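Have a look at the structure below before the remarks.
Quick note: numbers below take in every heavy atom, side chains included, and nothing from hydrogens, waters or symmetry partners. Not measured: the values here are computed from a predicted model.
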Amino acid sequence: MEAMIERCAGLDVHQKTVVACVLFGPLDKKPKKSIETFRTTTKGLLELNDWLTSMQVTDVVMESTGVYWKPVWNVLESNFQLVLANAKHVKNVPGRKTDFKDAEWLAQLLRCGLIEGSFVPPEDIRDLRDLTRYRKKLVHNRTAEQNRIHKILQDANIKLTSVLSNIFGQSGRQILEAIINGEKIEEKDLQKMVHWRVKASLSEIAETVNGRIRRHHRDMLRYHWEHMIYIEQVIEELEEQIDQCLTPYRKEVELLDTIPGVNKDAAAVFVAELGVDMSVFGEFF
């Protein structure tokens with residue numbers, strides 16, 4: 001294999017330690033190697049950074065092992081050309097099971113230019129990605145709580161879903177809060193709760209809310225309701241943070257928003273997952 005990088009390093013990253021192997025020397029000769037082990041504490045990673053610098057390393061490769069590669073990347077990214085390797089692509093060689101051999105094998109592949117790095121966006125895009133992915137999880141959690149409320153209402157024979165298309169709209173929420181608080185809901189009470197655009201009549205709605213609800217039902221409704229409200233508050237806070245992170249990328253978001261079927265939330269996900277520099281994907285863009 002033809003060598004392409006004079007001084008490079010392979011890192012075998014674990015939860016507690018990082019094994020680093022540096023290969024160096026003329027490209028037309030067999031390289032020399034130096035192997036050291038460092039702790040993954042901040043102090044240990046700074047020592048790794050200093051050691052690689054002293055070895056005049058220019059390029060470093062590591063595997064995408066769980067989340068353990070992230071703190072290593074954060075410390076080294078400003079000083080070296082980093083490559084994040086897909087573990088599946090570099091593990092297909094039998095007989096290399098020790099940490100030292102793994103690190104050396106990675107360094108050899110990098111020295112010969114045989115590793116295609118995974119996409120790792122800049123720090124601000126990584127932060128945005130954390131926020132958008134967490135927002136997605138919270139939206140799923142909110143939907144799960146709403147489904148649980150649906151089930152309890154059916155168990156209590158409250159057929160509110162048959163007269164309201166969305167029981168978590170403005171009218172539905174007021175009715176649900178009254179049910180949870182144990183209030184007796186009559187037709188005159190619904191006049192203050194139901195929006196004038198609701199198609200169902202007040203008498204129809206009053207008939208659906210008079211079920212066989214017990215204290216247990218109200219308690220369970222309250223648990224799910226309060227959790228749903230809390231999730232919605234967190235989602236609002238996340239939306240504000242996401243909006244702040246998108247400030248440098250307003251132009252890109254506006255362009256993405258012009259695509260049919262893509263709204264601002266989807267545009268934020270596009271930016272978070274792909275970044276805005278398409279040149280990193282090479283011939284695909």
Side-chain angles (χ1 to χ4, degrees), residues 66-67 127-246 253 256-257 259-273:
V67 296
D127 293 344
L128 177 62
R129 180 183 290 183
D130 288 339
L131 293 171
T132 55
R133 289 182 177 181
Y134 187 45
R135 177 182 64 184
K136 181 180 179 180
K137 288 184 179 294
L138 288 182
V139 170
H140 288 170
N141 291 341
R142 179 181 62 184
T143 301
E145 291 294 1
Q146 290 176 346
N147 290 338
R148 294 183 183 105
I149 291 174
H150 274 288
K151 291 180 180 179
I152 294 172
L153 292 177
Q154 293 300 322
D155 189 48
N157 201 32
I158 295 177
K159 302 296 183 177
L160 195 58
T161 53
S162 62
V163 292
L164 295 180
S165 59
N166 178 19
I167 64 172
F168 299 102
Q170 179 181 349
S171 301
R173 285 176 181 255
Q174 294 190 61
I175 295 173
L176 285 173
E177 286 182 332
I179 293 173
I180 293 171
N181 293 331
E183 300 176 17
K184 184 178 180 180
I185 304 175
E186 298 179 351
E187 189 172 330
K188 61 180 181 179
D189 301 314
L190 292 172
Q191 292 178 351
K192 300 178 182 178
M193 301 179 186
V194 178
H195 195 273
W196 62 270
R197 290 184 177 178
V198 174
K199 295 181 180 180
S201 65
L202 296 180
S203 59
E204 290 175 331
I205 298 175
E207 185 178 354
T208 62
V209 298
N210 290 320
R212 297 180 61 85
I213 189 168
R214 297 182 283 113
R215 173 65 181 272
H216 171 72
H217 292 137
R218 290 195 177 94
D219 289 341
M220 294 303 297
L221 285 173
R222 180 177 292 105
Y223 298 145
H224 298 312
W225 179 264
E226 291 178 351
H227 190 204
M228 183 192 73
I229 296 300
Y230 169 74
I231 292 173
E232 290 178 340
Q233 292 173 348
V234 178
I235 290 175
E236 288 182 6
E237 294 176 8
L238 281 174
E239 293 284 359
E240 293 179 0
Q241 282 191 272
I242 290 171
D243 192 59
Q244 292 176 4
C245 290
L246 287 173
V253 171
L256 288 168
D257 195 21
I259 301 174
V262 176
N263 57 18
K264 290 186 177 180
D265 288 345
V269 173
F270 277 124
V271 174
E273 296 298 329

- Item | Pair Asp155 + Lys151: basic N to acidic O under 4.0 Å |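 Salt bridge flag = no for Lys151 with Asp155.
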- Would you call Glu207 and Lys159 a salt bridge, using N to O less than 4.0 angstrom?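 No, this pair does not count.
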- Task: For residues Leu176 and Leu153, determine if any side-chain heavy atom of one lies less than 4.5 Å from a side-chain heavy atom of the other.
- Result: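 Leu176 reaches Leu153 side chain to side chain.
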- Item | Pairwise side-chain contact, Asn157 with Asn210, heavy-atom cut-off 4.5 Å (strictly under) |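 They are not in side-chain contact.
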Looking only at non-hydrogen atoms, find the nearest pair between [X] and [Y] and report the distance.
X	Y	result
Ile213	Leu221	CD1-CD1, 4.1 Å
Ala268	Leu246	CB-CD1, 3.6 Å
Ala272	Arg129	O-NE, 3.1 Å
Arg222	Ile180	NH2-O, 3.0 Å
Ile185	Ile175	CD1-O, 3.9 Å
Leu164	Gly172	CD1-CA, 3.8 Å

Short question: side chain of [X], backbone of [Y] - any donor-acceptor pair under 3.5 Å?
X	Y	answer
Asn181	Glu177	yes
Arg173	Phe168	yes
Asn263	Asp265	yes
Arg142	Met228	no

With rounding to the nearest 0.5 angstrom, report the [atom1] to [atom2] distance, [X] to [Y].
X	Y	atom1	atom2	answer
Lys264	Ile242	NZ	CD1	13.5 Å
Phe270	Ile259	CZ	CD1	6.0 Å
Asn141	Ile231	CG	CD1	5.0 Å
His217	Ile158	NE2	CD1	8.5 Å
Asp127	Thr132	CG	OG1	10.5 Å
Ile229	Glu232	CD1	CD	4.5 Å

- Begin with the C-alpha distance, continue with both residues' side-chain angles, and end with the deciding distance and a verdict on side-chain contact (heavy atoms from CB on, under 4.5 Å) for Glu183 and Asp189. CA-CA 10 Å; Glu183 300 176 17; Asp189 301 314; over 6 Å; no
- side-chain hydrogen bond (donor to acceptor under 3.5 Å, both in side chains) against Arg218, all qualifying residues, sequence neighbours excluded: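 Checked Arg218 against side-chain hydrogen bond (donor to acceptor under 3.5 Å, both in side chains); zero matches.
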- Single hit among Glu237, Glu239, His140 for side chain to side chain donor-acceptor pair (under 3.5 Å) with Arg135: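 The residue from Glu237, Glu239, His140 that satisfies side chain to side chain donor-acceptor pair (under 3.5 Å) with Arg135 turns out to be Glu239.
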- salt bridge (Lys or Arg N to Asp or Glu O under 4.0 Å) partners of Arg214, counting only residues at least two apart: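 Once residues adjacent in sequence are excluded, Arg214 has no partner under the salt bridge (Lys or Arg N to Asp or Glu O under 4.0 Å) criterion.
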- How about Glu145 and His227: does a side-chain donor come under 3.5 Å of a side-chain acceptor?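 A pair is found: one side chain offers a donor N or O, the other an acceptor, under 3.5 Å apart.
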